[in-house]
Amino acid sequence: MTTAQQRTTGATVDSFFERFASGDLPGLLGLFADQVDFRVAGSADVPWTGTRSTKDEIAEFFAIFPKVLTAPQGFNLGTRLVDGQHAVVTAESVFGVLATGKTFTNAYALHFSVVDGEITRYHMYEDSHAIAEAFTA
């Protein structure tokens with residue numbers, strides 16, 4: 001049985017991907033709470049890794065991609081699991097690095113938490129070693 005919280009979580013995550021795909025940064029940021037547990041662990045050689053917590057910091061995170069990467073050469077959403085306020089989504093994308101001309105395939109998982117219709121947790125798990133290799137000339 002699907003709960004109201006699961007429906008809200010699922011709808012918020014779906015909106016996240018719709019807004020991200022369409023380039024709607026203001027709409028995307030509107031999905032986040034004022035304070036977020038936002039983490040992308042990985043190599044310091046990958047420009048978007050690190051922790052953030054405010055909407056300004058999250059805006060800077062999403063603004064990095066068009067500065068350093070080509071438009072996606074491939075994008076595929078995999079599994080989406082929703083349990084109460086938590087959602088985990090797997091995906092795979094292919095990008096080119098503007099500075100080196102190298103491409104990389106990024107298989108990753110995102111863990112979202114949604115409270116009162118707002119994203120309060122965004123944790124990304126990706127192979128930052130493979131990505132860092134693409135940033136190396």
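Residue numbers run from 1 in the order of the sequence given. Owing to the predicted nature of the structure, the values given are computational and were not obtained by experimental measurement.
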Identify the two heavy atoms, one from S93 and one from Y108, that lie closest to each other, and give their separation to 0.1 Å.
OG-CE2, 3.6 Å
Parallel, tilted or perpendicular: which one describes the rings of H86 and H111, with boundaries at 30° and 60°?
tilted
Assess whether side-chain contact (heavy atoms from CB on, under 4.5 Å) is satisfied between T103 and F95, documenting all intermediate values.
CA-CA 6 Å; T103 61; F95 288 96; over 6 Å; no
Are L81 and L77 connected in a single hydrophobic cluster, I mean Ile/Leu/Val/Met/Phe/Trp/Tyr linked by side-chain heavy atoms less than 4.5 Å apart?
no
Looking at H129, is its backbone amide N or carbonyl O close enough to the side chain of S43 to form a donor-acceptor pair, meaning the two atoms are under 3.5 Å apart?
no
With a 4.5 Å cut-off on side-chain heavy-atom distances among I, L, V, M, F, W and Y, is there a chain of contacts connecting L25 to V40?
yes
Please work out which of the three classes, parallel, tilted or perpendicular, describes the rings of F32 and F38, given edges at 30° and 60°.
tilted
Spatial distance of atom CZ (F62) from atom CZ (R52) [nearest 0.5 Å]:
9.0 Å
For a quick check under 3.5 Å, do W48 and E126 share a side-chain donor-acceptor pair by atom type?
yes
For a side-chain contact (heavy atoms from CB on, under 4.5 Å) check, start with the C-alpha distance between D14 and R80, then their side-chain angles and the critical distance, and finish with the verdict.
CA-CA 10 Å; D14 290 346; R80 181 179 74 114; 3.6 Å; yes
Distance-only, no hydrogens or angles: does the R39 side chain make a donor-acceptor pair with backbone N or O of T51 under 3.5 Å?
no
Give a yes-or-no answer on whether the side chains of T3 and Q6 include a donor-acceptor pair shorter than 3.5 Å.
yes
Taking C-beta and beyond as the side chain, do T12 and I119 meet within less than 4.5 Å on heavy atoms?
yes
Derivation and outcome, side-chain contact (heavy atoms from CB on, under 4.5 Å), residues D37 and Y122
CA-CA 6 Å; D37 176 9; Y122 178 99; over 6 Å; no
Let me see the working for D34 and K55 under side-chain contact (heavy atoms from CB on, under 4.5 Å), right down to the final yes or no.
CA-CA 6 Å; D34 289 335; K55 286 189 182 187; 3.8 Å; yes
dist L69:CG -> F135:CZ (nearest 0.5 Å) comes out at 5.0 Å
Identify the heavy atoms of L29 and A59 that sit nearest to each other, and give their distance.
CD1-CB, 3.6 Å
Give the minimum heavy-atom separation between A134 and T100, together with the two atoms involved.
O-OG1, 2.6 Å
Which pair of heavy atoms, one from A87 and one from V13, lies closest together, and at what distance?
CB-CG2, 3.7 Å
Short side-chain donor-acceptor distance under 3.5 Å, E92 and N76:
no
F104 side chain near V97 side chain, heavy-atom distance below 4.5 Å
yes
Parallel, tilted or perpendicular, as decided by the 30° and 60° cut-offs, for the rings of F20 and F16
parallel
Would you say S22 and E18 are linked by a side-chain donor-acceptor pair, where the criterion is simply a distance under 3.5 Å?
no
Where D45 and A132 come nearest, the two heavy atoms and their spacing:
CB-CB, 3.9 Å
Are the side chain of E118 and the backbone N or O of V115 linked by a donor-acceptor pair below 3.5 Å?
no
Note, V89 side chain near F17 side chain (heavy atom, < 4.5 Å):
yes
If you look at every heavy atom in K102 and T136, which pair is closest and at what distance?
NZ-O, 2.5 Å
Gap between atom CD of Q5 and atom CD of Q85 - 0.5 Å precision:
6.0 Å
Does the side chain of S15 reach to within under 4.5 Å of the side chain of L31, using non-hydrogen atoms?
yes
Assigning hydrophobic clusters by single linkage (Ile, Leu, Val, Met, Phe, Trp, Tyr; side-chain heavy-atom cutoff under 4.5 Å), is V46 placed with V68?
yes
How many angstroms lie between CD in E60 and NZ in K67, if you round to the nearest 0.5 Å?
8.0 Å
Evaluate the side-chain proximity of I58 to V36: yes if any heavy-atom separation is below 4.5 Å, no if none is.
yes
Can a donor-acceptor pair be found, under 3.5 Å and without considering hydrogens, that links the side chain of T70 to the backbone of G96?
yes
